[in-house]
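Protein chains get the first letters and strands the later ones, always in sequence-line order, with residue 1 at the start of each. This is a predicted model, so every value here is computed, not measured.
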Number of protein chains: 2
Amino acid sequence: MGADTEPRNDRPKVPTLEDVARLAGVSTATVSRTLNSPDRVRTETRLAVENAVAVLGYTPNFGGQALASRRSNTIGAIIPTMANSIFATAVQALQETLAARNVMLLVASSQYSPMREQTQLRTLLARGVDGIALIGSERPPEVYDILESRRVPFALLWSAPRASSHLTIGFDNAAAASEVARNVLAAGHRRIALLTGMIEGNDRARARLQGVTEELARAGITLDPGDIVALPYTLDDGEAGAIRLLSRPDRPTAIICGNDVLAAGAMRGARAMGLSIPGDVSVTGFDDIELATAVSPALTTVRVPHRRMGEAAGQALLEWIETGQQPRSIGFPAEFIARSSLGRPPGG
Amino acid sequence: MGADTEPRNDRPKVPTLEDVARLAGVSTATVSRTLNSPDRVRTETRLAVENAVAVLGYTPNFGGQALASRRSNTIGAIIPTMANSIFATAVQALQETLAARNVMLLVASSQYSPMREQTQLRTLLARGVDGIALIGSERPPEVYDILESRRVPFALLWSAPRASSHLTIGFDNAAAASEVARNVLAAGHRRIALLTGMIEGNDRARARLQGVTEELARAGITLDPGDIVALPYTLDDGEAGAIRLLSRPDRPTAIICGNDVLAAGAMRGARAMGLSIPGDVSVTGFDDIELATAVSPALTTVRVPHRRMGEAAGQALLEWIETGQQPRSIGFPAEFIARSSLGRPPGG
DNA sequence: TCACAAGATGTAAGCGCTTACACAACAAAT
DNA sequence: ATTTGTTGTGTAAGCGCTTACATCTTGTGA
């Protein structure tokens with residue numbers, strides 16, 4: 001009896017809005033207003049409230065806030081994997097952009113599995129995230145239907161903006177890949193092999209592959225199916241794939257890779273076979289992550305605007321949430337970066 | 001008038017627990033029970049509820065759930081940066097572990113700034129996260145006071161478990177660094193230089209530095225301050241630092257680096273000066289990220305159990321949340337990995 | 001001086017969920 | 001036949017916050 005004021009000892013007593021109101025001698029509504037739109041209260045009251053907040057060490061309860069305001073101040077992101085620094089950096093940039101506006105980032109990874117992506121997406125929606133960032137634009141229409149019926153702002157990163165009517169923040173993978181192919185051709189290569197990432201549910205990989213093959217076709221080169229190997233994006237797979245390609249009769253003089261990780265793996269594979277780069281075989285990557293300049297020779301690659309996409313996605317989502325209007329899509333340039341892993345073919 | 005049933009057109013009508021209850025012909029309590037502890041309802045009712053859930057496409061509202069249950073099913077993580085794959089991978093592992101238990105991960109980054117870490121921590125606490133993962137164990141006591149007064153489970157990753165009474169999931173940085181030094185000495189090096197990360201607020205970097213210097217001291221080698229360079233963990237800094245060290249009179253024959261990124265940068269720097277590795281200078285790293293085997297020669301380094309720490313942290317936090325008991329700290333071994341970037345000193 | 005607008009604050013009704021408690025139905029034990 | 005326990009379900013009271021609306025001050029122009 002009479003122990004009502006004693007906090008349950010298994011649950012620390014966290015001060016609530018009401019405690020603040022009582023201490024400041026105002027109503028809870030005023031406290032809420034002070035916190036959310038300070039210009040709507042008299043300076044005097046504001047100070048009293050702020051003081052009470054400080055004294056109690058009050059911090060608003062997230063659940064209550066989310067429930068009452070129907071906003072979670074949280075944005076979700078689903079990326080294939082954090083393990084590739086290209087995505088990690090984009091997430092980092094996104095997170096920083098959001099943090100500046102006091103919005104948090106919920107991360108989930110799909111491991112390149114469309115199914116897992118959908119599961120994660122549902123979870124994020126159930127969380128009541130205010131917005132969602134996704135990688136790529138290729139998914140079953142139902143997914144977009146869900147998103148749209150919920151009226152949740154979402155941004156698609158990494159794909160070419162013209163690819164869809166959705167808010168897309170990306171670059172032209174096919175064009176960039178074409179440019180790589182053009183440069184490989186210009187260096188004099190004719191026997192060219194491709195190391196691509198897995199295509200299923202990955203429009204970026206497909207666009208890159210397509211950009212290359214089309215450019216080669218334009219130059220009159222059609223690839224034998226055996227000259228194209230599709231693999232997960234890992235160093236080891238890159239190495240194994242390169243060994244496979246370089247073991248073919250009429251060995252390729254250049255390997256165009258779907259990303260830098262595969263390319264670095266390919267370099268290792270070539271080296272394991274005693275081949276020099278670019279003397280015996282040229283290798284190109286895609287992404288321009290740190291790895292590209294850490295290897296020797298440095299990788300010829302394409303600089304992908306990862307940080308800018310992350311930042312732009314954050315900004316666009318916040319704007320969409322704020323205004324209710326879907327912002328315009330953004331296309332960033334992807335720059336071809338010539339380095340020494342691409343040279344002339346042997347005897348060329 | 002009479003338009004009550006018509007959903008406001010600016011806010012899509014999301015089904016609630018009550019809608020499910022109505023459709024299933026049961027009370028909201030029963031629906032809640034069906035969802036949270038299915039074994040407490042009759043099979044028949046459970047099926048009816050599950051059916052209603054499916055028909056309506058119901059998904060629980062996070063705010064309501066969090067508010068009523070005082071649980072957010074969310075864990076927060078603050079890491080220095082996602083840009084280093086060692087942390088990205090740990091976060092990835094953590095996220096996967098949590099996702100399996102339907103818990104989400106809120107990520108924040110401190111950029112190695114203690115102040116920023118505190119800000120993010122406050123935000124996470126305000127979010128009502130059920131647990132928190134932090135990197136390293138060195139921070140002002142007030143930080144731990146806040147955490148403890150809130151009774152929020154938290155795990156410290158990357159540091160040696162014995163370093164504190166808190167739940168720590170890590171490895172012995174000093175011992176691992178000592179082992180590196182021992183191997184460098186065993187290879188015959190006597191002129192040794194150090195490239196370390198920034199020490200401030202970074203107990204891991206300090207422990208590694210200390211491990212190395214103590215080991216060297218044991219061998220009768222004391223380093224000139226000019227032989228130790230502290231830098232941010234980037235490739236470019238590693239390169240610049242190595243050039244500085246290798247330009248000293250009486251050039252070092254080995255550079256022990258605080259992590260693989262610095263080491264890869266150092267290799268680039270050495271190469272830029274026309275030095276061969278390990279012929280003219282040996283280089284060692286720490287972490288064993290992909291980069292370590294992508295460079296040539298491959299880096300001698302220490303394999304840090306990043307994935308295991310991420311998983312173990314997830315498990316430990318979930319257990320702590322569940323039971324209310326702080327689990328035991330865990331120390332993982334960190335394995336020395338000999339590769340070709342460490343050789344005998346020139347003429348040695 | 002008075003009517004009225006504008007501004008500041010209070011009142012109270014939810015937001016969607018969980019859960020203590022009450023109750024009903026039935027089985028087993030007396 | 002009555003008691004007791006078990007199991008399944010409903011009732012209703014919050015959880016901490018926001019916000020529409022009501023109320024009370026204060027300032028302004030006629």
Quiz prompt | Donor-acceptor under 3.5 Å (Ser329(A) side chain, His166(A) main chain) | solution = yes
Quiz prompt | Between P of dC15(D) and CG of Leu67(A), the distance in whole Å | solution = 13 Å
Practice problem: Report yes if a side-chain nitrogen or oxygen of Asn61(A) is closer than 4.0 Å to either non-bridging phosphate oxygen (OP1 or OP2) of dC15(D); otherwise report no. | Solution: no
Quiz prompt | Contact nearer the 5' end of DNA chain D, comparing Val31(A) with Gly25(B) | solution = Gly25(B)
Quiz item: For the side chain of Ala68(B), counting heavy atoms from C-beta on, which of dC17(D), dT19(C), dT18(C) is nearest?
Solution: dT18(C)
Practice problem: Nearest whole angstrom, please: distance from the C1' of dG16(D) to the OH of Tyr58(A). | Solution: 7 Å
Exercise. Side chain of Pro60(A) only, please: which of dT19(C), dC17(D), dT18(C) is the nearest?
Key: dC17(D)
Quiz prompt | Atom pair distance, as rounded to whole Å: CZ in Arg33(A) and C1' in dA22(D) | solution = 12 Å
Quiz item: Closest nucleotide of DNA chain D for Arg42(A) versus for Ala29(B): which of these residues is on the 5' side?
Solution: Ala29(B)
Quiz item: Rounding to a whole Å, what distance do you find between Arg127(A):CZ and dC17(C):P?
Solution: 14 Å
Exercise. Would you please confirm or rule out a distance under 4.0 Å between OP1 or OP2 of dG10(C) and any side-chain N or O of Ser27(A)?
Key: yes
Exercise. Return the value, rounded to whole Å, for the distance between atom CG of Leu17(A) and atom P of dT19(D).
Key: 12 Å
Quiz item: Nearest to the side chain of Gln65(B), which nucleotide is it out of dT18(D), dT18(C), dG16(C)?
Solution: dT18(C)
Exercise. Using atom CD of Glu18(B) as one end and atom P of dG16(C) as the other, report the distance to the nearest whole Å.
Key: 9 Å
Exercise. Determine: side-chain N/O of Thr45(A) to OP1/OP2 of dT9(C), distance under 4.0 Å, yes or no.
Key: yes
Practice problem: Check the surroundings of atom CD in Glu200(A): do more than 12 heavy atoms from other residues, nucleotides or ligands lie under 6.0 Å from it? | Solution: no
Quiz item: Reckon Arg40(B) has a side-chain N or O less than 4.0 Å from the OP1 or OP2 of dT7(D)?
Solution: no
Practice problem: Determine: side-chain N/O of Ser69(A) to OP1/OP2 of dT18(D), distance under 4.0 Å, yes or no. | Solution: no
Quiz prompt | The single option from Ile78(A), Val143(A), Ile79(A) passing side chain to side chain contact (heavy atoms under 4.5 Å, CB included) against Glu117(A) | solution = Ile78(A)
Quiz prompt | Over 12 foreign heavy atoms within 6.0 Å of CG, Asp39(B) | solution = yes
Quiz prompt | Any donor-acceptor N or O pair under 3.5 Å, side chains Ser109(A), Arg116(A) | solution = no
Practice problem: Decide yes or no, distance alone: a donor-acceptor N/O pair under 3.5 angstrom between the base of dG8(D) and the side-chain of Arg46(B). | Solution: no
Self-check item: Thr30(A) side chain near dG10(C) phosphate (N/O to OP1/OP2, under 4.0 Å)
Solution: yes
